[in-house]
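Each remark here refers to the structure printed beneath this line.
None of the values given here were measured: they were computed from a predicted structure.
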Amino acid sequence: MTPARLIEPGSSPGADVRHRRALLLLACAALCSACTRPAPSPPQAPAAPPVGPQEHARPRDTADGVTPLTFVERAAESGLVFTSVNGQQHGHLTILESLGAGVGLLDYDADGDADILTVGGGDFEGDVVRPCGVPDGLFRNDGAARFVAAAAEAYLPGRAFYAHGVNVGDYDADGLADLLITGYEGVALLQNLGDGTFRSVPPPEHGIAADGWLTSAAWLDVDGDGHLDLYQTRYCDWSPMNDPPCEIQGHRDVCPPAQFEGVDDRLFLGDGAGGFVEAGTRLGLVPGGKGLGVVAADVDLDGDCDLYVGNDTTANFLYRNDGTGRLTECGLLAGVAVGPTGEPEGSMGVDVGDWNLDGLPDLWVANFENQSFGLYRNFGDAVFENVSAVAGITAVGAVYVGFGTMFLDADLDGAEDLFVANGHVMQFPTQAPLLQRPLLLHNRRGTRMVNVAEDAGAYFTTGHLGRGAAAGDLDGDGDEDVVVSQTNEPIAMLVNETPHDSIAVIVRLVGVGTHRDAIGASAELETTARRMLRQVKGGGSYLSSGSRDLRYGLAADERPLRLRVRWPGGRETVTPLDAYPASRSIRLLVRDADPERAVVLSARRRGPG
């Protein structure tokens, strides 16, 4: 989260790092057998010959022949009124103030639509550098993206600690979405009681440690026992007692992260009774790092959950799971630990998606200014290559400081696009503005990414202090909307109004033989024209939780045939879909206990928007 010119001299000289990296790659290739397991068998070919997705795109009469992506900001008019704060009015200029807060999408009242949890952030007790909490927000959706404040009626507790992140997951396996809030020296587990209210679980009951600076988190079942486990990223050793003044470019400013030491991340195993036990060292977590983002997904398609961690100015982690919960850190060997120059970057938000439509999950990370954001193509067996330059991402420039980010198919053409919320961390930046425009990278049929933010709506033409971001269908029309948390600025709700005549197949996977959230499942939709891979992920983005529904956009002449799912644990099932009407967008629920029969949650006629 800091430019290279602020890193202490001698800490990471490029030539020396590249030399060490080359030596380490040779050593790892010979010794790290856990990182080079045989690749799983490739997915079966579709019954019909595959046709390139470009033959099924739906161009409109625009300058470049592509349908423009369109989003309209509607937070205030929809009742979503909330501002996350960081206490900067006290003038402390602590690094704590730079991280911001996240946002979570969840159906807490189980009425079928996405509600919103907004993390309040934090403040300081007067002129003393003593962090304290502020209230969070909870907003109930009426089904048409109109929201009502519901924190009080849901008994959402006050926040005693300076908060950053929110993670949504059904930790107690009762079918209800629970909440985990993380922050500085604090964590809160909020159990959904099913009557529209939450219970704050006492720390002795849940056992999740709250020491240190907790940022993002990811639910996953790392050891395959059917219970959700928890990965926590931790940032650095800043404290009110370790808060040195820093002068940068002639101004007192927020200290760069290089001023502080990294701290160890944590991994807690669920015991199946609502409690957690720390097991990170035993399962292979490496020390250090300055974790800001984490995503859990099956990156090698072998039926278990792996982890990708974005670290700030230290090498990113890729933990590969052997199926029993034993993790091996393979980031450098896999090619996703450092940037193109061989140096660690300032990484924040992360995600997983199949950007080039080849059936393999690729990795994505948003970085600091003077660094290209990282798009890593998966070549199989968790071997990656940075393709930011050839994909066109480097061309957008290196003036952005990226945070909340995610893959989403904005125009429902089957190719996943990318959204990034940006905003500086320094009060007196010299190479880029404090308030920054978001990015909207349109996926051109799996061949390149083009920034179309300038034409996507008024919100994208002005600067913001963007931090957390989450995507999901807020208004029930089948496409994905975006919610962005902004520091000291009202939250934004970007309603997707991109014109299309697509058929949206939306799938919700529910585990019965495994944990209910099915995190780590891979689902390939086979159509009459192609195959599309989607995954159920834990964590992702930055300090935030989006919808876990899987979304596939089909052209008007395309028909769904079957859904192949590799569930956590490796079991594979096939659900026939050719009987469903092609003239409708459909929402399906698929359980691993009854994969032959998909439950239709809703269906609507195809039409523009």
So do [Y] and [X] actually touch side chain to side chain, heavy atoms under 4.5 Å?
X: V484; Y: F419; answer: yes
X: L301; Y: L360; answer: yes
X: V168; Y: L105; answer: no
X: L189; Y: R199; answer: no
X: D517; Y: W219; answer: no
X: P560; Y: L554; answer: yes
X: I116; Y: L138; answer: no
X: N422; Y: L439; answer: yes

- Do L179 and L117 pass the side chain to side chain contact (heavy atoms under 4.5 Å, CB included) test, and can you show the C-alpha distance, the side-chain angles, and the key distance before you say yes or no? CA-CA 9 Å; L179 291 165; L117 186 285; 4.1 Å; yes
[X] side, atom [atom1]; [Y] side, atom [atom2] - distance, nearest 0.5 Å:
X: S585; Y: L412; atom1: OG; atom2: CG; result: 7.5 Å
X: Q486; Y: F82; atom1: CD; atom2: CZ; result: 13.0 Å
X: N443; Y: D354; atom1: CG; atom2: CG; result: 9.0 Å
X: T527; Y: Y552; atom1: OG1; atom2: OH; result: 11.5 Å
X: T575; Y: L525; atom1: OG1; atom2: CG; result: 10.5 Å
X: L588; Y: L577; atom1: CG; atom2: CG; result: 6.0 Å

- Message: What I want to check is whether the side chains of Q535 and S522 have a donor and an acceptor closer together than 3.5 Å.
- Response: yes
- Item | Any side-chain donor near an acceptor of the partner, D411 and T498, under 3.5 Å | no
Pick from [options]: which one makes a side chain to side chain contact (heavy atoms under 4.5 Å, CB included) with [X]?
X: L269; options: D221, D225, D229; answer: D229
X: I491; options: V81, V483, T83; answer: V483
X: V482; options: L494, V103, L474; answer: L494
X: Y308; options: D351, L363, V294; answer: L363
X: W364; options: V350, V352, L418; answer: L418

Give me the atom names and distance for the closest heavy-atom approach of [X] to [Y].
X: A456; Y: F460; result: CB-CD1, 3.8 Å
X: R530; Y: G553; result: NH2-O, 3.1 Å
X: L563; Y: A523; result: CD1-CB, 4.1 Å
X: H515; Y: P568; result: CE1-CG, 3.9 Å
X: A296; Y: L220; result: CB-CB, 3.9 Å

- Query: Could you go step by step and tell me if D115 and R140 meet the salt bridge (Lys or Arg N to Asp or Glu O under 4.0 Å) rule?
  - Reply: CA-CA 5 Å; D115 310 304; R140 178 167 41 82; over 6 Å; no
Indicate yes or no for a side-chain donor-acceptor contact from [X] to the backbone of [Y] under 3.5 Å, with no hydrogens or angles considered.
X: E73; Y: M493; answer: yes
X: R551; Y: G478; answer: yes
X: N496; Y: A410; answer: yes
X: S541; Y: G404; answer: no
X: D475; Y: A145; answer: no
X: R437; Y: T461; answer: yes
X: S84; Y: S485; answer: no
X: N167; Y: A217; answer: yes
X: S216; Y: L543; answer: yes
X: N141; Y: D113; answer: no

- Message: If you apply the rule side chain to side chain contact (heavy atoms under 4.5 Å, CB included), what do you find for E497 with R74, and how did you get there?
- Response: CA-CA 12 Å; E497 294 193 350; R74 288 187 174 146; 2.5 Å; yes
- Item | Audit row: M449, W355, side chain to side chain contact (heavy atoms under 4.5 Å, CB included) steps and yes/no | CA-CA 9 Å; M449 290 285 194; W355 93 274; 4.1 Å; yes
- Below 4.0 angstrom, N of the basic side chain to O of the carboxylate: do R531 and E526 qualify? no
- Give the intermediate values and the outcome of side-chain hydrogen bond (donor to acceptor under 3.5 Å, both in side chains) for residues T233 and T215. CA-CA 6 Å; T233 57; T215 52; 2.6 Å; yes
- Item | Derivation and outcome, salt bridge (Lys or Arg N to Asp or Glu O under 4.0 Å), residues D592 and R516 | CA-CA 10 Å; D592 63 350; R516 292 185 60 89; over 6 Å; no
- Message: Within the supplied structure, the quantity of interest is the number of heavy atoms (other residues, nucleotides, ligands) at a distance under 6.0 Å from R591 CZ; does it exceed 12?
- Response: no
- For D172 and Q191, run side-chain hydrogen bond (donor to acceptor under 3.5 Å, both in side chains): C-alpha distance rounded to whole Å, both residues' side-chain angles, the deciding distance at 0.1 Å, then the answer. CA-CA 8 Å; D172 53 0; Q191 183 185 30; 2.9 Å; yes
- Taking the six-membered ring of F161 as reference, does the NZ or CZ atom of R159 fall below 6.0 Å from its centre and within a 45° cone about the axis? yes
- Message: Go through it in stages, so that I can follow the logic: the residues are D549 and D473, the test is side chain to side chain contact (heavy atoms under 4.5 Å, CB included), and I'd like the CA-CA distance, side-chain angles, deciding distance and then a yes or no.
- Response: CA-CA 9 Å; D549 288 350; D473 185 3; over 6 Å; no
- Could you go step by step and tell me if T487 and N86 meet the side-chain hydrogen bond (donor to acceptor under 3.5 Å, both in side chains) rule? CA-CA 7 Å; T487 303; N86 68 348; 5.4 Å; no
- F403-Y542 aromatic ring centre distance below 6.0 Å: yes
- With ring centroids as reference points, do H464 and Y459 lie under 6.0 angstrom apart? yes
- Task: Assess whether side-chain hydrogen bond (donor to acceptor under 3.5 Å, both in side chains) is satisfied between D413 and H500, documenting all intermediate values.
- Result: CA-CA 9 Å; D413 67 348; H500 62 79; over 6 Å; no
